[in-house]
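Here's the structure, in structure tokens; my notes come after.
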Amino acid sequence: MKIKFIPIDYDYFDYNGRTYAKIIGKTNKNKKACIIDDCDTYFWAILKPKTSDKQIKKIQEKIEQVSIKSTNRESKVIKTELHNKNFLGEQVKAIKVFVTNHKDIHEISHKIPMKYIDKRREKDIPFITRYVIEKNLKPLHWYEIDGEFLNNSPEFNGIDASLNVDICIKAEEIKQIKDQEFFPKILAYDIETAEVEIGRSEILMVSLVGENFKKVLTCKEPSKQPYVEHFKSEADMLLAFVKYVKQYDPDILTGYFSDGFDLPYLRARAKKNKIKLNLGIDNSQPVFSRGRMLSAKIKGIVHVDLYRFIRTVYAQYLKSETLSLDEVAGELLGEKKTDFNATEAVRANKIDWQEFYKYNLQDSVLTYKLTEKLWPDLLEVTKIVQEPLFNTSRAGLSSLVENYILHNLNRFNEIAEKKPIHEEISERRSRESVEGAYVLEPTPGLYDNLAVFDFTSMHTSIIVTFNLSKATLLSKKQKNCFESPELEFENKKTRFYFSKKPGFFPTLLKEIFEKRKQFKQEFKKDPNPITKARSNVFKLLSASVHGYQGFFGARYYSLEASATVLAFVRKFNKEIIDKTNKQGYKAIYADTDSVVFALNKHTEKQALELLKKINNQLPGIMELDLEGFFKRGLWVTKRTGDFGAKKKYAMINKNNEIKIRGFETVRRDWCYLARETQNKILQLILKDGNEKKALEYLKQAIKKLKNREIPLKQLIIKTQLKKPIDDYKAETPHITIARKMRSLGLPINIGMIIRYYIAESTKTKKKALVRERAKLPNEPGQYDIEYYLKNQILPSVENIMEVFNLDVNELVEGKQQKKLFDF
DNA sequence: GGTCCTGCGTTACC
DNA sequence: ACCGGTAACGCAGGACC
């Protein structure tokens, strides 16, 4: 029988000593289906060069006799094949060793005689990755599957009967068909607890939200709300949670930080109550992978922790200062969490349960809507990288890049390099880091008529143009090769050389680069969430490849290639600075891949001609672009010393759009008043170049502060807790506050934003440390006017006004006068 | 008791 | 530990006078 099928979740199992793939997905009739399929599993034994055919025959015969016996199965080599392959730029002869059971590949590979073998590779390809490559059944693409319908069949120990699916098929033929629209069945969930430590106290309630489905399950107060269901015990509530998930039968179960909180908490409480959290379609319980970050897997349902996906893949498109559900939902959906302070209510033991239920439900509503909204992005990244959604939704950038590579190696007839293991990783990590990009020190001042040039995908275009990769690195200079600029590497001045024969890595990157261009065009022609997501995925892959090459965990790690990329980055950036200066422009500032310069007496048209001229001289696919013309731009000195501050500037274009970088305005660890005051002052200066008005504004702000007319809300300082509180060596204000919160029994988590304000000293002696004056936002006290003047407002505007020879310190009484003030 | 320097810590830019 | 180098700058604490 034939079905049309979209694979969603991948798993595998052993049967009769062989490894089989078990793929859960949907049919075009919206039925849940399971495909069972076998798959060759193998590794490569790369032969030493010049091994004779006779010797090869002999070694093949020997390998074919290898077998191992473990407690419950016997594994052996099924057959071997000789192939001509590529490996890291070399043509090699390699024996493909087919093995009965994937799990035993490693052990079997260690039993083969090594006399003529140079290297063993692809032992570390996970079974699912192998399966997708071999059978070409890629996640979230559509297929026509022909096979044997399993209905209470004894085959595979009656697997079809043990699974909660509508159809179970043993695949015989798989044919890719045209993609059709697919929208998964999503169920979002969220729990509320009294304690944040996993499993510490009981779960108060669980909310579930799907399409036309809203539930809050609780074992606390009953409610008249139709969506609230009351249970007499936590155990009953948890069982109902499982029951409803199974009844709803989602493709995706999604939470926000649910890998780190909700699911581990549910597991802990289920254990405590001695009940089973059998959410899997085979009634199995969630499996938690070890590692720094837990990953919670449910069989047959893709558990998506949306927070993790947003953090790695989506955060770059967000303006949000934190990735809290509230802020992200606010930005993407225009909808916020319910205004209800759960922590405070629980702590004070004054809980308005009806409000609490509403709040709990809303969290799931937001998570549901966000998952729905980001589905095109989840879909495209999964389709393109070709790993299951469970992995891609949790993957870091390096893993996305690496999996994209692995799934495309066949086209290059290339054997995959191995993953580094412990010693190699620690060796790589211990290495001296390579010099980074160049930043030009600006001359502080206000400038008119600016142009900004920047390189399009600079690192990527350099890798492609100069063929930079692990496999194309030459051990010594050859004629007709690419030569790096001189650079410092391991404390020595040196150069690296790269082959001109295109390597698979730069070639693959060139494809990514071109696809990025192509899909950007596609999006422009047909703007919709899917074309946008597709374009963004290639943009992300393209931008991440350079970082990947320098990442110690990468299969294709090459610090030499990475150092060379950066040497070229510095060289080309400096060249553009020189060229613009030589043509009578004035380079004001430059950072990595961009140069800002004053047009001086030149016209914009002339600047564009210069751009064209530079582009004609640039090698390969390197390209310089016009970022824009700006009518004004401001650079300031560093707070310490008379140097121009890097990574801090503000510019305005002809549409009066302002671009602010690095200034306190864009830093979340400054209070709102300082940020807003600085922002206003930058606007006044840039819009009409009027520093007098700016000064007037500043005076008003200072006056309000001095009169205590500024609400405390605008004076809250926010700092993130980046590690466990007891790991800190320095006692800074935010650590003091975090400790205070802990002693009050308030939840303290890594990653949380600590909020506080600076109050007047209660000590009679002056000069108390800042941390001694720091108070929680709801702690009674008077804010310290002097602190906010001297440590927040003035520092944020001082260097800006200094450009106009104005000394703002003189606006504050009692402060020593440094300069004469003339306005 | 002030000034200078340094290390820690956070956040931003690209 | 899951891209990483360059950079600004506040706070705290010790050296020094």
Side-chain angles (χ1 to χ4, degrees), chain A residues 291-293 295 308 311-312 316 321-322 391 394-403 419-420 422 425-426 428-429 432-442 454-455 457-459 540-541 543-554 557 559 562-563 565-566 569-570 573 589-594 627 636-641 643-649 659-671 674 717-723 727-736 751 753-754 758 765-774 787 790-792 795-796 798-799:
Chain A
R292 240 178 87 76
M293 186 79 191
S295 296
R308 290 185 74 174
R311 195 183 54 184
T312 45
Q316 52 173 328
E321 281 176 10
T322 71
N391 303 42
R394 283 170 179 75
L397 296 178
S398 67
S399 136
L400 292 179
V401 170
E402 187 151 288
N403 281 310
K419 254 193 177 145
H422 322 295
I425 289 182
S426 48
R428 289 178 183 186
R429 294 193 61 200
E432 206 71 27
S433 63
V434 298
E435 189 184 344
Y438 172 74
V439 187
L440 174 70
E441 187 195 313
D454 64 355
F455 284 95
S457 306
M458 191 182 204
H459 301 76
L540 188 74
L541 287 174
S544 305
V545 168
H546 163 64
Y548 170 80
Q549 279 202 116
F551 168 54
F552 56 77
Y557 170 83
L559 202 57
S562 183
V565 173
L566 290 161
V569 166
R570 291 190 294 273
N573 192 257
Y589 179 62
D591 185 348
T592 311
D593 59 354
S594 71
E627 196 200 294
V636 299
T637 54
K638 287 203 285 186
R639 195 95 76 231
T640 50
F643 310 101
K646 299 169 179 181
K647 300 190 187 283
K648 264 182 114 164
Y649 60 89
K659 179 177 174 179
I660 298 177
R661 291 291 121 99
F663 273 112
E664 284 74 4
T665 301
V666 298
R667 291 183 62 94
R668 70 165 183 209
D669 55 349
W670 284 70
C671 76
I717 297 166
K718 296 172 228 163
T719 315
Q720 192 179 29
L721 201 62
K722 306 273 270 189
K723 52 185 180 183
D727 287 5
Y728 281 92
K729 284 184 191 143
E731 184 75 13
T732 54
H734 84 291
I735 301 306
T736 305
I753 307 284
I754 306 294
I758 306 303
K765 263 195 258 168
K766 50 176 186 171
K767 271 301 135 199
L769 292 173
V770 175
R771 66 159 180 255
E772 290 166 340
R773 291 177 285 149
Y787 174 84
K790 282 199 196 157
N791 295 47
Q792 294 276 326
S796 72
E798 191 174 11
N799 301 67

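In what follows, chains carry the letters A, B, and so on, assigned in the order in which the sequence lines appear, proteins first and then strands, with residues in each chain numbered from 1.
Counting non-hydrogen atoms under 4.0 angstrom, A:Tyr548 reaches nothing in the nucleic acid. If you check every strand for non-hydrogen atoms under 4.0 Å, A:Val401 touches nothing. Note on A:Gln549: nothing from the nucleic acid sits closer than 4.0 angstrom, heavy atoms only. Residue contacts shown for A:Ser399 are absent, as no nucleic acid heavy atom lies under 4.0 Å away. Looking at heavy-atom distances under 4.0 Å, A:Tyr557 makes no contact with the nucleic acid at all.
Taking atom CH2 of A:Trp670 as the reference point, atom C1' of C:dA8 lies 10 Å away to the nearest angstrom. Distance NZ (A:Lys718) to P (C:dG10): 19 Å, rounded to an integer number of Å. Note: CG (A:Leu440) to P (C:dA8) measures 12 Å, nearest angstrom. Distance, A:Arg773 CZ to C:dC11 C1': 11 Å, rounded to whole Å. Taking atom CD1 of A:Ile717 as the reference point, atom P of C:dC9 lies 17 Å away to the nearest angstrom. Summarising the geometry, the separation between NE2 on A:His459 and P on C:dC3 is reported as 15 Å, rounded to the nearest angstrom. A:Glu402 has its CD atom 12 Å from the P atom of C:dC3, to the nearest Å. Look at NZ on A:Lys790: it is 16 Å from C1' on C:dC11, rounded to the nearest Å.
Minimum interatomic distance between A:Ala395 and A:Thr312 (heavy atoms only, all atoms of both residues): O-OG1, 3.3 Å. The two residues A:Tyr557 and A:Phe551 make their nearest non-hydrogen contact at CD1-O, 3.1 Å.
Scored by the side-chain hydrogen bond (donor to acceptor under 3.5 Å, both in side chains) test, A:Arg308 finds A:Asp259, A:Ser295 as partners (sequence neighbours excluded). For A:Tyr649, the ring-ring contact (aromatic ring centres under 6.0 Å, His included) criterion is met by A:Tyr589, A:Trp635, not counting sequence neighbours. With sequence neighbours left out, A:Pro733 forms a side-chain contact (heavy atoms from CB on, under 4.5 Å) with A:Tyr756, A:Val770, A:Arg771, A:Ala774.
At the phosphate of C:dC3, neither OP1 nor OP2 sits under 4.0 Å from any side-chain N or O atom of A:Ser544. At the phosphate of B:dT11, OP1 or OP2 sits under 4.0 Å from a side-chain N or O atom of A:Gln720. Applying the 4.0 Å criterion to OP1 and OP2 of C:dC11, one finds that A:Asn791 has a side-chain N or O inside that range. Proximity of A:His734 to the phosphate of B:dG9: no side-chain N or O atom is located under 4.0 Å from OP1 or OP2. Contact check, A:Arg771 against C:dG13: a side-chain N or O comes under 4.0 Å of OP1 or OP2.
Within 6.0 Å of atom CD in A:Glu432, 12 or fewer heavy atoms from other residues, nucleotides or ligands are found, so the atom counts as exposed in its surroundings. For NZ of A:Lys659, the number of neighbouring non-hydrogen atoms (other residues, nucleotides, ligands) closer than 6.0 Å is greater than 12.
Summary for the helix from B:dG1-C:dC17 to B:dC14-C:dG4: the axes at its two ends, each from 5 pairs, differ by 10° when rounded to the nearest 10 degrees.
Side chain of A:Asp454 to backbone of A:Asp593: no donor-acceptor contact under 3.5 angstrom is found. In terms of modelled atom types and a separation under 3.5 Å, the side chain of A:Arg667 and the main chain of A:Gly662 share no donor-acceptor contact. No donor-acceptor distance shorter than 3.5 angstrom exists from the side chain of A:Glu664 to the backbone of A:Ala674, with no hydrogens or angles considered. The backbone N or O of A:Ala554 lies less than 3.5 Å from a partner atom in the side chain of A:Arg428, making a donor-acceptor pair.
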Any protein N or O atoms within reach of nucleotides 12-14 of chain B? Criterion: under 3.5 Å, listing atom names and distances.
{"residue": "B:dA12", "atom": "OP1", "partner": "A:Val666", "partner atom": "O", "Å": "3.0"}
{"residue": "B:dA12", "atom": "OP1", "partner": "A:Arg668", "partner atom": "N", "Å": "3.1"}
{"residue": "B:dC13", "atom": "OP1", "partner": "A:Gly662", "partner atom": "N", "Å": "2.8"}
{"residue": "B:dC13", "atom": "O2", "partner": "A:Lys647", "partner atom": "NZ", "Å": "3.1"}
{"residue": "B:dC14", "atom": "OP1", "partner": "A:Tyr649", "partner atom": "OH", "Å": "2.8"}
{"residue": "B:dC14", "atom": "O3'", "partner": "A:Asp593", "partner atom": "OD1", "Å": "2.6"}

Under-3.5 Å N/O pairs linking protein and nucleotides 6-8 of chain B:
none

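Projected onto DNA chain C by closest heavy-atom contact, A:Pro795 and A:Ser398 fall at different nucleotides, the more 5' of which corresponds to A:Ser398.
Nearest to the side chain of A:Pro733, among C:dG10, C:dA8, C:dC11, sits C:dC11.
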Next item on the list: For A:Glu402 and A:Lys419, run salt bridge (Lys or Arg N to Asp or Glu O under 4.0 Å): C-alpha distance rounded to whole Å, both residues' side-chain angles, the deciding distance at 0.1 Å, then the answer.
Entry: CA-CA 10 Å; A:Glu402 187 151 288; A:Lys419 254 193 177 145; 5.2 Å; no
Margin query: Show, in sequence, the C-alpha distance, side-chain angles and deciding distance for A:Asp591 and A:Lys647, and conclude whether the salt bridge (Lys or Arg N to Asp or Glu O under 4.0 Å) test is met.
Written below: CA-CA 8 Å; A:Asp591 185 348; A:Lys647 300 190 187 283; 2.7 Å; yes
